[in-house]
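Convention: sequence-line order gives letters A, B, ...; per-chain numbering from 1.
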Amino acid sequence: MIRAENLIVTRGGRRILDLPALSIAPGGVFGILGPNGAGKSTLLRVLAGEMAPDSGRAWLDGRPLGQWRAGDLARRRAVLPQHSTLGFPLRAEEVVALGRLPHAGRAGPQDSVRAAMREAGVAHLQGRNHATLSGGEQQRVQLARVLAQLDGVPPADSVLFLDEPTSALDLPHQHAIMAVAAARARAGATVVAVLHDLNLAARYCETLLLMASGQRVAEGPPTELLTPETVRRAYGIAMRRIPDPERGEVLLVPA
Amino acid sequence: MSEAALSVPRARAMGHGVALLLLGGAALCGLLVALGIGAIRIPPDGVLRELLAPLGLATSAPGPEGAIIWTLRVPRTLLAMLAGGVLGLAGAIMQGLFRNPLADPGLLGVSAGGALGAVFMIVVGLTLLPVPLRPYATAGAAFLGALLVTLLVMRVAQHEGRVMIASMLLAGIIFNALAGAATSAFIFAADDMQLRDILFWTMGSVAGATPAVLLATLLAALPLMVAAPFLVRGLNALILGEREAQTLGIPIERLKWGAVLLVALAVGAAVAASGMIGFVGIVAPHLARLMRGADHRWVLPASALIGAALLPLADAAARVLVAPAELPIGLLTALLGGPFFLALLLRQRFALDGR
């Protein structure tokens, strides 16, 4: 359970995040949407304990994030950034094994690595040099790394942050990554994802937070939130909403 | 991009531990060879006999060989080993910290600061000091100069409590240039005798090794060697990136400060004792990664061992190549390391071009 109150982050004299209250429940993917510069990634970093807000507070399971020890936090909270470039060449399974660093000394690192690679669908990349993989494959190996970091953590205790995980990926890779995250959420984990694709968000998220200029525009389930009116308020462009005849969901297309 | 060009071994036939033992054995063999090379050539079994003689494990051969080995060659070879090991280890740590295979302690201003300290002492300080202190003054000033410039670089690179790696590089370049300019100013003011001293100091030599110098260098290097195993986790996490390492629970600022200070202390002492010896800090980690990949559990100890194996051999070569004169060891490492590095760079560039 993640909770935050009166979060304010100011950079260069501009308030890039200003959120009076927020609460994120486990069990479904919580999506953060909004145009570039809306403060999505800043919010994610604050909630993940990567940076402290200038004022306000965030809690993980009732304990202020500032009071968590880095090691304890790393043993139950993982963050998948948009893109990672390795400083030195490593094989895919070596990258995944780095996810076990917070658990050093605990049993079964090889099992954790193998299980995480299977779950992320990259078991076949074992032995490959990470730098020679495609962007989508690299991102899925990184997903396996964060899954390995959470391996052995009770689902209800594990928290997964995805910071624009699917930007710059092709369709199959986008869906593969979101499907794995959604499955983790269904198993009881808390999953928070910053996304750009409205339809991808509608498909995989339980709850959406729509932001603009560091502030909340709207929050709610995708079907209620993704209306042409709210999207216009956040992004400033006109959209049309059409029902998905097959799945009963909604699709948004430019008007 | 070919796999071999990025030095990822396909299979791992043996563990890191076995490979390290083999590397250590190779370093010891190199040591025996190096001790036998010089104006008087002594075969490895003769070297071994002389080394074991004081322990009562072998009988010393009649003749001057024992004295040559123990008084002339052992101190400088031990200093070469120590300096080589420190430079290799420090280079591996700096490359891991900067996430850049071209980084070395020189980037932090350690070498430039050491040179400034030494040159200042040679030109200005020595005449002001009482005679008994003079033998150690140059090394001491080099050590202080190295530490001082490194601290300045770190201080400038710090912003809102965080040390920015990119700022560290820029600050390093700036302070390297400033220290270089100040060094030039002192050289400009130096007389002929001082110029000679400066020239030989900057080219590096382990000929000045005495038990006192060895002990002082060892003491300054010890913290780095003891702490190195504790840096492995953080450096491995840093391969992923700074943000990634932080979310894996690595105390990243502590890692930066700790690593840089320990490196400056150890390399400052190595530079003070042996002058400027280039390329070992870059070449040793490269060789280590070529052998078994980039995992720092392997790269750190392997780089130390490779450096400790290479420098005594370089010193031995420096003793005989232009006998009866002696080449400065730093000149030799630059002469050998430069082309090696160029080859590496060209190969990597072609690989990146996909040719």
Legend entry - Heavy-atom proximity to chain B below 4.5 Å, by part of A:Leu73: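 No part of it gets close to chain B.
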
Inset, instruction - Let me know if A:Arg77 has heavy atoms under 4.5 Å from chain B in its side chain, its backbone, both or neither. - result: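 Both parts, heavy atoms under 4.5 Å.
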
Legend entry - Crowding at CZ, A:Arg63 (>12 non-hydrogen neighbours, <6.0 Å):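 Yes.
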
Checking the side chain of [X] only, and the main-chain atoms of [Y] only, is there a donor and an acceptor separated by less than 3.5 Å?
{"X": "A:Gln149", "Y": "B:Thr247", "result": "yes"}
{"X": "A:Glu50", "Y": "B:Arg243", "result": "no"}
{"X": "A:Arg75", "Y": "B:Gly249", "result": "no"}

Inset, instruction - Quick one: pull up CD in B:Gln95 and CZ in A:Phe88 and give me the separation to the nearest 0.5 Å. - result: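 Reported value, rounded in 0.5 Å steps: 5.5 Å.
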
Inset, instruction - Kindly indicate whether the side chain of B:Leu240, heavy atoms from C-beta on, has any atom under 4.5 Å from the side chain of A:Ser84. - result: no

Inset, instruction - Apply side-chain contact (heavy atoms from CB on, under 4.5 Å) to the pair B:Glu244 and A:Leu98, showing each step before the final yes or no. - result: CA-CA 10 Å; B:Glu244 288 80 352; A:Leu98 288 177; over 6 Å; no

Inset, instruction - Compare every heavy atom of B:Arg99 with every heavy atom of A:Leu86, then report the nearest pair and how far apart it is. - result: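 Minimum heavy-atom contact is C-NH2, 3.5 Å.
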
Inset, instruction - Determine the minimum heavy-atom distance between B:Ala294 and A:Pro89, stating which atoms define it. - result: CB-O, 3.6 Å

Inset, instruction - Just do the side-chain contact (heavy atoms from CB on, under 4.5 Å) check on A:Glu94 and B:Ile239 with the steps written out, would you? - result: CA-CA 11 Å; A:Glu94 288 181 308; B:Ile239 295 180; over 6 Å; no

